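What follows is a single structure, written as structure tokens, with notes after it.
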Amino acid sequence: MNLQRATILATLLGLPLWVPGPAVFASDPPAGQQQEPVPSVGTAADAPTESGESPGPVGDGPAEKQETAGEEQPSPPVSVGEQSEPALEGTKEPVIGAFGVPLGEPFDPCMVAKVISKEEISYEGRDKAELKGTLYRVEAKVPNPHFNEYSLKTTSDGRIYEIVGRFEHPEKATQCKETKRLAEFLIGKYGKPRGKGMLGDWYSFRDFRDFGESKSGPYKGLRLYAPRCRNGRYWIQYSDDGVRTEDSPASSEPTEWSGL
């Protein structure tokens, strides 16, 4: 029986017409739904993101972005001493001597390596009275490479009221850069200078600590002079005017101190 005759017979008898079609299985999705294609291994799952990075396993992100909810990440430890202390105003260290020689003490030759020479000098004491003292040129027991000549002055009773270190270049070469560096060192040790030349050719550091909160009394401090630094010469002077005016008592125990 061919298809045409079967069609006519089915029409006369009122039977439904069967037309051959593709086989349908129980595992197939309902009509109208499309089955999602299975991705091939190594294709879509490993495809780079928009940022150009390949995603990691599910639940994992970049290591630096993983944080536990509600927990703060610990701050890196800070070593003790890393934070610089604020700069102190005024004098940081008291001015009590230099080159192994203490201010205010009776001079003893053992304080220096050698006494080169000595001579009588005049100085101004209490109430501007003219008194006689001694100037010693010496070799320092605690020398400093920034200086090559040393001297000190004493009162009529032998107490040291001034200590001087000088430098003179044998070839008269300029030393202005050296004096600037020396001034920076002194500022770091004694604080900001209380007096400074317009051209930076001298610096004055004054120590008020021995005179209480009133910040008054005879001058005690140091001055760095460099008006002739272009000619290779400069000097530093440590002074205690209270010694020569008898306003500063002598210490019971001598103390050696290198001011630099």
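Here the structure is a predicted model, which means the values were calculated and not measured.
F99 places a side-chain heavy atom less than 4.5 Å from the side chain of F147. Contact annotation: the side chain of E162 never approaches that of S151 to less than 4.5 Å [non-hydrogen atoms, C-beta and beyond]. For the pair P193 and I187, the minimum side-chain heavy-atom distance is below 4.5 Å. Contact check for D207 versus Y219: no side-chain heavy atoms found under the 4.5 Å cut-off. Between K153 and V164 there is no side-chain heavy-atom pair separated by less than 4.5 Å. Between Q175 and H169, some side-chain heavy-atom pair lies under the 4.5 Å cut-off. Side chains of E124 and R244 form a contact here, defined as non-hydrogen atoms less than 4.5 Å apart. In this structure the side chain of V243 never reaches within 4.5 angstrom of the side chain of I160, judged on heavy atoms.
The main-chain N or O of A129 is never found under 3.5 Å from a side-chain atom of D127 such that the two would form a donor-acceptor pair. R228 contributes no side-chain N or O that, together with a main-chain N or O of R233, makes up a donor-acceptor pair within less than 3.5 Å. A donor-acceptor pair under 3.5 Å is formed between the side chain of K141 and the backbone N or O of C110.
When all heavy atoms are compared, the tightest approach of Y123 to T154 is CE2-O, 4.4 Å. The heavy-atom pair separating G191 from F205 by the smallest distance is O-CE2, 3.2 Å. Shortest non-hydrogen contact noted between K220 and V95 is CE-O, 2.8 Å. The minimum heavy-atom distance between L135 and I121, with the atom names listed, is CB-CG2, 3.7 Å. Scanning both residues, V101 and I163, for their nearest heavy atoms gives O-CD1, 3.2 Å. Taking both residues in full, the closest heavy atoms of T245 and P218 are given as OG1-CG, 4.4 Å, listed atom of the first, atom of the second, then distance.
Salt-bridge formation is detected for the pair R137/E119: a Lys NZ or Arg NE/NH1/NH2 atom is positioned less than 4.0 Å from an Asp or Glu carboxylate oxygen. We find that E178 and R181 are joined by a salt bridge, their nearest charged nitrogen and carboxylate oxygen being less than 4.0 Å apart.
Following chains of ILVMFWY side-chain contacts shorter than 4.5 Å, one cannot reach W235 starting from V142, and the two form parts of different hydrophobic clusters. Hydrophobic clustering (side-chain heavy atoms under 4.5 Å, transitive across Ile, Leu, Val, Met, Phe, Trp, Tyr) groups I236 together with F185. Note on Y161 and Y238: separate hydrophobic clusters, where clusters join Ile, Leu, Val, Met, Phe, Trp and Tyr whose side-chain heavy atoms are under 4.5 Å apart, directly or indirectly.
Note: W202 and Y225 fail the aromatic proximity criterion, with ring centroids not under 6.0 Å apart.
The structure places CG of L224 at 11.0 Å from NZ of K196, a figure rounded to the nearest 0.5 Å. E246 contributes atom CD, which lies 13.0 Å from atom CG of D241 (distance to the nearest 0.5 angstrom). In this structure, D240 CG and L222 CG are separated by 12.0 Å, a value rounded to the nearest 0.5 Å. Taking CD of E171 as the reference point, atom CG of N231 lies at 14.0 Å (rounded to 0.5 Å). The CZ atom of R166 sits 7.5 Å away from atom CD of E149, with the distance rounded to the nearest 0.5 Å.
Annotation: cation-pi pair R194/Y190 absent, no NZ/CZ under 6.0 Å from the ring centroid and within 45° of its normal.
Between Y234 and F167, the angle of the ring planes stays under 30°, which puts this pair in the parallel group of the 30/60° scheme.
Remark: Y203 pairs with no residue by the ring pair (Phe, Tyr, Trp, His ring centres under 6.0 Å) rule, at least two apart or across chains. Scored by the ring pair (Phe, Tyr, Trp, His ring centres under 6.0 Å) test, Y136 finds F107 as partners (sequence neighbours excluded).
S122 and K132 are linked by a side-chain donor-acceptor pair at a separation below 3.5 angstrom, with hydrogens and angles left out of the test.
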